Amino acid sequence: MHNKTMKLSLVSLAALLIFAIAACGDKPEREGQDRPAAQQPEQQAEKPATPPNPEQPSGEETPVVKQGQGSFTGLADPHTVEIIVDGSPMAFQFGEKLKSAVEAIAPDQQVEFKYEEKAIEGDASLKQLVLTEISKAGSGR
């Protein structure tokens with residue numbers, strides 16, 4: 001009986017290791033990292049030599065700036081905040097420009113903010129919410 005239990009345990013462990021290794025093998029590579037130049041995606045070769053002017057987007061619609069207010073929950077990660085808007089939690093990305101403003105807001109504090117909805121590459125129906133401004137409600141910005 002002990003021998004049968006030992007074999008079952010070893011088979012289970014082997015299967016678990018195989019699944020773990022297979023899962024690591026399916027992980028998509030980060031774009032442009034750890035990949036030989038010959039395997040770079042074709043779209044990278046199509047990029048212009050000089051970066052486009054952010055004032056004049058090429059072929060893309062200028063994002064519409066929206067306004068909102070809600071209850072600041074806090075940081076979800078170093079570049080994402082969660083804000084409860086109309087009873088629903090929403091995640092907003094932010095950059096270095098807003099880091100000090102975000103750090104000055106306490107959890108459960110009411111905030112006013114402006115944000116843009118940016119289409120996620122590969123699926124225009126999905127939107128990424130990106131803060132452009134945030135302040136404590138009533139602070140007058």
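This structure is a prediction, so every number in the text was calculated from the model and none was measured.
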**Asked** What are the two closest non-hydrogen atoms of Val130 and Lys118, and how far apart are they?
**Response**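 Minimum heavy-atom contact is CG2-CD, 4.1 Å.
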**Asked** Any idea which heavy atoms bring Ala104 and Lys136 closest together, and the distance?
**Response**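 Residues Ala104 and Lys136, closest heavy atoms: O-CE, 3.1 Å.
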To the nearest 0.5 Å, what is the distance between [atom1] on [X] and [atom2] on [Y]?
X	Y	atom1	atom2	value
Lys127	Glu116	NZ	CD	12.0 Å
His79	Glu96	NE2	CD	11.0 Å
Ser135	Ile105	OG	CD1	7.0 Å

**Asked** Does a side-chain heavy-atom distance below 4.5 Å link Val85 with Phe113?
**Response**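 Result yes, sub-4.5 Å side-chain heavy-atom pair found.
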**Message:** Just so I know, are the side chains of Tyr115 and Ile134 near enough to count as touching, which here means a heavy-atom distance under 4.5 Å?
**Reply:**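 Tyr115 vs Ile134: side chains apart.
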**Item:** Residue pairs passing the salt bridge (charged side-chain N to carboxylate O under 4.0 Å, His left out) test where at least one lies in residues 66-93, sequence neighbours excluded
**Value:**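 Those involving residues 66-93 are Lys66-Glu117.
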**Request:** Count the heavy atoms belonging to other residues, nucleotides or ligands that lie under 6.0 Å from CD of Gln69, then report whether that count exceeds 12.
**Result:**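 No.
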**Prompt:** Is Asp108 atom CG crowded by more than 12 heavy atoms from other residues, nucleotides or ligands, each under 6.0 Å away?
**Reply:**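 Counting neighbours around CG of Asp108, 12 or fewer heavy atoms of other residues, nucleotides or ligands fall under 6.0 Å, so no.
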**Item:** Residue that, paired with Phe92, satisfies side-chain contact (heavy atoms from CB on, under 4.5 Å) out of Val81, Val102, Leu98
**Value:**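 It is Val81; the other options fail the test.
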**Asked** Of Leu131, Leu129, Thr132, Thr80, which is the lone residue that meets side-chain contact (heavy atoms from CB on, under 4.5 Å) with Phe94?
**Response**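 Result for side-chain contact (heavy atoms from CB on, under 4.5 Å) with Phe94: Leu131.
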